[in-house]
Structure formats: structure tokens, C-alpha cells
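Residue numbers count from 1 along this sequence.
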Amino acid sequence: MDKAKDYNLLHVVMENSEHNDWQDAVQEWEIEDCQEDDNQEESCICGKEHLKYLFTIKNKNNGKVLTPIGSSCIKKFEREELDELTSINKKLFKLLHAMEKNKYIRLDNEFFTRKLLTYLYKEGAFTTNKYGTAKGSYEFIVKMFNKKKTQLQNRIKKLRL
């Protein structure tokens, strides 16, 4: 990102924050929404053009909203939880598109991460059913996800020997 875009981001965020210090100001913001623009016609608040993922962030102290903001600008906030949410949103769109195309969806890291599975659980994607509780279903899926990963790692180790 060039210095002009960095300055634009800093200026817009600071103008809409309660704190006068960048490190404190970025703590005020939360991701409120994410949309995908396949045509990439939108520009970030910093000025970067052709955004694919259009995030909306909201200031929890004053209610101000900034949109669209790109994932690379959200990374400038240097907040792990915001970085995780940007990554989760991207994975959710990838999963959605695979479902729309009736693709076979494997329980592997092409479509899932542990953090995505946890996010889905917290959002109520796992429900209580005749096989058990929502938490039990979530734990089973995570166990299967971990097992696949362990099996793959073991295969790689064997190939290296």
C-alpha cells in the first residue's frame, strides 16, 4: 500500500474515532458486515480500487460506520480478532460458492479452519438433533477435522522417510 493510501486510511479512521491516538482509536472499531463484489467496482475508504471484499466497520463508542473498507486496511489495525474475522468471511464466501456450484465439500482446510468451525458454532450453525447436542455435534466435527489433518501429516512424514 502506498503512503497516500496509508494517510487516507489514518485520516478517515481518526476523524471518526473518539481517541486521538491510532493505537487507541483502532480499538473502537468492530466488523459489522462483509459483502463480496465479484465485479470489483468499489473502492476502499483509503482509495484502493477494485475491492472484492467490502467490509463495513462500526465504531462501538460513537456509532459511526465506515464502508467499504478492504481487508488489507483492516490488517493495518493490527488486531488479531479483526484479522480472524476477515479470514473467516473470506472462507464463508468460498464455502458459499462451492455450495452454489454443488461441489463436493470436504472437511479439510480448503473450506474450513478450526476458527471457522468455532465461529459457525457460536453463530448457531450446529443444532441439537436426534444424534446429540449442538456442542456435541461441534466437538465431533472438530475431532474429525483434526483427525484428517493428523492423518495427512502422518502421510507426509512417511513420504519424507
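The CD atom of E42 lies 6.0 Å from the CG atom of D37; values are rounded to the nearest 0.5 Å.
A single hydrophobic cluster is seen to contain both L120 and M99, as judged by linkage of ILVMFWY side chains at heavy-atom distances under 4.5 Å, directly or through other members. In the hydrophobic clustering of this structure, L82 does not group with L51; members are Ile, Leu, Val, Met, Phe, Trp, Tyr whose side-chain heavy atoms approach within less than 4.5 Å, directly or through other members. When hydrophobic clusters are built by joining Ile, Leu, Val, Met, Phe, Trp and Tyr residues whose side-chain heavy atoms come closer than 4.5 Å, directly or via intermediates, L54 is not grouped with V13. Side-chain heavy atoms closer than 4.5 Å link hydrophobic residues (I, L, V, M, F, W, Y) into clusters, and following such links, possibly through other members, connects I105 to F140.
Residues passing the ring pair (Phe, Tyr, Trp, His ring centres under 6.0 Å) test with Y138 are Y121, F126, sequence neighbours excluded.
With respect to K5 and D2, a salt bridge is recorded, a charged nitrogen being found less than 4.0 Å from a carboxylate O. Contact check on K60 versus E32 returns no salt bridge, with no Lys/Arg side-chain nitrogen under 4.0 Å from an Asp/Glu carboxylate oxygen.
In this structure, H11 and Y7 have parallel ring planes: the angle between them is below the 30° cut-off, well short of the 60° mark.
Within the 4.5 Å cutoff, the side chain of L85 has no heavy atoms near those of the E81 side chain. Put simply, the side chain of I45 reaches to within 4.5 Å of the side chain of L9, judged on heavy atoms.
K58 NZ: 12 or fewer foreign heavy atoms inside a 6.0 Å radius.
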